[in-house]
Protein chains: 2
Amino acid sequence: MRRSAITIAAALLASAPIAAQTVPPAAPVDRIIDQGTNHSEVMRIAQYLTDVIGARLTNSPGIRKAEDWTQAKFREWGLANVHKEGFEFGRGWWNERLSVRMVTPRPLQLVAAPLAWTPGTDGPVRGEVVLAPMKDAAAFDALKGKLRGKIALITDPKPIQDPVDPAFKRWSDEELVKRNYYDLPNAEDEDNAGYAARIAFAARRDAFLKQEGALGYATMSSRNNKLVHGQNSQFQLGKSGTVPAIELAAEDYRRLARLAKMGAKPVLEIDSVSHFDDSDSKAYNILADIPGTDAKAGYVMAGAHLDSWAMGDGAADNGAGTAMVMEAARILKASGIRTRRTIRFALWAGEEQGLLGSMAYVENHVARRPVDPGATGIVRYLTWSDAFPITPGPDHAKLAAYFNLDNGSGRIRGIYAQGNTAVMPIFEQWFAPFRAMGATSVSARRTDSTDHVFFDAVGIPAFQFIQDPLDYGALVHHTNVDTFDHLKADDLRQGAIILAAFLVNAANSDQPLPRAPLATAPTAADRFYPFTGSEAAH
Amino acid sequence: MRRSAITIAAALLASAPIAAQTVPPAAPVDRIIDQGTNHSEVMRIAQYLTDVIGARLTNSPGIRKAEDWTQAKFREWGLANVHKEGFEFGRGWWNERLSVRMVTPRPLQLVAAPLAWTPGTDGPVRGEVVLAPMKDAAAFDALKGKLRGKIALITDPKPIQDPVDPAFKRWSDEELVKRNYYDLPNAEDEDNAGYAARIAFAARRDAFLKQEGALGYATMSSRNNKLVHGQNSQFQLGKSGTVPAIELAAEDYRRLARLAKMGAKPVLEIDSVSHFDDSDSKAYNILADIPGTDAKAGYVMAGAHLDSWAMGDGAADNGAGTAMVMEAARILKASGIRTRRTIRFALWAGEEQGLLGSMAYVENHVARRPVDPGATGIVRYLTWSDAFPITPGPDHAKLAAYFNLDNGSGRIRGIYAQGNTAVMPIFEQWFAPFRAMGATSVSARRTDSTDHVFFDAVGIPAFQFIQDPLDYGALVHHTNVDTFDHLKADDLRQGAIILAAFLVNAANSDQPLPRAPLATAPTAADRFYPFTGSEAAH
């Protein structure tokens, strides 16, 4: 109260004698900071997405609500060209209820998640648990005839890794420096064959379990302490599981495995109600623009994926990124900053099944690659960047930069330059006003696994920020505690502000950002075969 | 294979020329170490208690099984005087199933625990969630008429504390040294009034919720990340809750509180089946002896509580202590070591409701205190040590030492001398063979909250060991992940070995362990009133 009064009095005193003089406008960066701190809405956006809408598995009821709500917000804030762009994705799925309990040798309620895109049980069912770890089809022979009416434990009950590191952390300055170490790309290392084989095997395993009459199967959570995921990383268009499947909390899974091993014949009761939805096989990216002042200057983009996995409320992954991108849009509209280039905001779908939304955008607007049309979902993701040649599309020259946010709720500590060393001194300059907010590190390193990847793969300057990890890796990533209360308001405000400033810089620069060389198909001459005598002897 | 052959050959070679000579017997401590490592059964004992029997809430079906199984094991190993001693405890209770899910504004399965000794719901029930934090009866007025058919959230939705420390740890040498700091007992500090008031209020709150027609109530877990407890610390003989009550995972509780606060009117469905069992109101301590060679020399004891809370399988608390005590008994029998004094092994019931089993043993055998006969359960616990005079019983002079284990699965790093400084140099000697196993620290400090307390309170030399904390405090203590997989085999072996050695030392020493002065009733002259001018001004 007292402070405001003084400020107003000082302003009156200062302005009175120079009433006719023009007050210089605040710099754009300070208008962004003012709007992003004193009038921030980032936590309210995040809260609606997570608490009210909740999980947003692609093509689930949750993401349908989020498609509508995010477009409505963009329109409410006055953005232009607000629309959704559909792409073929596949079935919708959601779980209504799941109870898993042991009934023999003693009653015990367990913690479980339904594996996404697997069917429910059609009422409570009971079956004995059978140890049936299956790494490949060689395991089928030993299990034939032993699974009818049973619940198969299909993964190995790995022991606990003691949590000797803190679950929550921020980067120290020393650690940030270490992140600026760039592993040179290495043609020999790039091999998705193992992943592809696991996906193909998962389908064979499902068919085997179906054919053998298994009541269901269970996997073990990769995290301890009752964290479960329900993540099903084998998604492909038009395919879904045929056998009810659950992920069990690690402690519950190990107990069942031990009891089965010692001959106690544990019995589970599973009561799971899940729904498939084939009413619309399209998923939708949400797009909204702040038009530039020069229609020929092209555009820059910010993006985050709107979809999540089905457990938890998709808060750190990626309500946080979505909220920061939306808030950057709101900040820029509210502060009335105009730029030469158009600024486009994108909220992607299908990221968790293989960056499918951003891939669709790239294919429709930016560049095409001759990927096998029969490859969908995660298989398409695995093969896309190896398909040559790259054929530029209408936006390839127009899209000057893409900035992505998808590393949780931690504040921005820097940016990955994605091997594009020419942008590094530019980003250093852009971070200058934000060094005091902890954003200091421009790393040459490439980072992957999120929606800048396919922009980058066709030569667009496309980047992901470095964020403080917080509890993302240890606790919340894809788990049932990816919830609003794990988000950090100050961090999200800082991220939205820096993103807004980067967009203004990229949209106003005289020259678009420098581009890295466009990838070309590797030839035999690009490889060597690193055999040594001792390796060959094995 | 090769190693055994060499050993046998070496033994033949060595023994052949001196066949008539007597091989000196191995020292008792080395026979204990051999039996406790090469022939250890401690993990098998722990596994039966936790995986097969599971939770052992006092007077539940679990502890009844454990009463039988532990006696059978003691008998199988050849211990004498194996029996159970009953004491009035109260109702048995167990939960058969619990499903809690949000149905409005969206379906979501939650993680919950039934509060022990509260009724189930008699089928699935649905009710709107109402924010109703109640710290004292002053809260009743504002809630009157607003709870009918509702589910009350009765605790404050406290925010997350970031887990910046590792969940798993062992004491460093420096930290162990710090544990040898002894806070002098301070008559002014001893005040259980606050605890007693909370217990009394819990009963009033239950009556208020019943009278108002609440469908049920929920508390928030004190830990994050889907750990729940179901602990109900208000237990008193013959009393139990009248309103269905659950503890919700912190993330789930906070989400409901936020949704209620923002007017989204969240609705829960609770389906809980719990059972009370009044067939036997007695709880039972399990006792077993290895008789001494001198019937007049008295006895020494080792104890651990057999009971647990109802979530998890009671592994660290206190399957670990139970297994170490039982394994020490097995080691001593199997290694054929005889001692002057009898060694008695005790497995207590009712520890979690106020050290009630060990209190009953002390009252029946060691000493009585004139506590209010109407005070039962936790209230009796709170008042027992303040009742004077102490009247020694038949075993007061006979019981030479009591050793307790109840700090989880971590290895023994030392012992708390409980303010009895005269025993410290003796314990230093007893630890000498085990310094290389990490047991180094004799601390003058008093520790409390477990079953040595009431022995100590009547002047018996009674001690609790210092153990490595592991994940006891951060994760497993009273939670749904207090399971076998969190136990450490090497640590439990070490603990059983050291306990066995301490028992032999205490049972064979020429003089019984020195005793601390017997407590007497404080008088007005023992207190001063630490007012200062500034405090009085407040």
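All chains are named by letter (A, B, ...) in the order of the sequence lines, taking the proteins before the strands, and each is independently numbered beginning at 1.
Considering only heavy-atom pairs separated by less than 4.5 Å from chain A, the leading option among B:P107, B:P266, B:S99, B:P163 is B:P163. Of the listed residues (B:R254, B:K226, B:E269, B:R106), the one with the most heavy-atom contacts under 4.5 Å to chain A is B:R106. Taking B:K169, B:Q47, B:R170 one by one and counting their heavy-atom pairs under 4.5 Å with chain A, the maximum is reached by B:Q47. Of the residues considered (B:V228, B:N95, B:D313), B:D313 shows the highest number of contacts with chain A, using heavy-atom pairs under 4.5 Å. Listed options A:L256, A:D252, A:V164, A:N224 were ranked by heavy-atom pairs under 4.5 angstrom with chain B; first place goes to A:V164. In terms of heavy-atom pairs under 4.5 Å with chain A, the best-connected choice from B:I160, B:D162, B:T483, B:L98 is B:D162.
The contact between A:A55 and chain B is made entirely by backbone atoms, counting heavy-atom distances below 4.5 Å. Heavy atoms closer than 4.5 Å to chain B are found in the side chain of A:M262, but not in its backbone. Both the backbone and the side chain of B:A167 come within contact range of chain A, each with at least one heavy atom under 4.5 Å from a heavy atom of that chain. Heavy atoms closer than 4.5 Å to chain B are found in both the backbone and the side chain of A:V52. Contacts between A:T479 and chain B at a heavy-atom distance below 4.5 Å are absent for every atom of the residue. In this structure, chain A has a heavy atom under 4.5 Å from the side chain of B:R101, while its backbone stays farther away. Interface residue A:Q109: only side-chain heavy atoms are found under 4.5 Å from chain B. Of the two parts of A:I53, only the backbone, made up of N, CA, C and O, holds a non-hydrogen atom closer than 4.5 Å to a non-hydrogen atom of chain B. Only the backbone of B:A250 has a heavy atom closer than 4.5 Å to any heavy atom of chain A. For A:V111, the part sitting under 4.5 Å from any heavy atom of chain B is the side chain, from C-beta outward, and nothing else. Using a 4.5 Å cut-off between heavy atoms, B:D471 makes no contact with chain A at all.
Remark: A:R258 engages B:D51 in a salt bridge, criterion side-chain N to carboxylate O under 4.0 Å. A salt bridge links B:D173 with B:R413: the closest approach of a Lys/Arg side-chain nitrogen to an acidic carboxylate oxygen falls below 4.0 angstrom.
The distance from the OG1 atom of B:T322 to the CD1 atom of B:I45 is 10.0 Å, given to the nearest 0.5 Å.
Under the 3.5 Å distance criterion, the side-chain polar atoms of B:E247 are left unmatched by any main-chain donor or acceptor of B:A112. Remark: side-chain polar atoms of A:R411 are not paired, donor with acceptor, to backbone N or O of A:K488 under 3.5 angstrom.
Considering all non-hydrogen atoms of both residues, B:A218 and B:Y253 come closest at O-CE1, 3.6 Å. For the residue pair B:S221 and B:A249, the shortest heavy atom distance occurs at CB-CA, 4.2 Å. Shortest non-hydrogen contact noted between A:W93 and A:L115 is CZ2-O, 3.7 Å.
Ring geometry for A:Y48 against A:W69 counts as parallel: the plane angle stays under 30°, on a 0 to 90° scale with 60° as the upper cut.
By the neighbour-count criterion of 12 heavy atoms within 6.0 Å, atom CG of A:D122 is sparsely surrounded, having that number or fewer from other residues, nucleotides or ligands.
Checking each of B:V476, B:L475, B:L470, B:D468 against B:Y472 for a side-chain contact (heavy atoms from CB on, under 4.5 Å) leaves exactly one that passes, namely B:V476.
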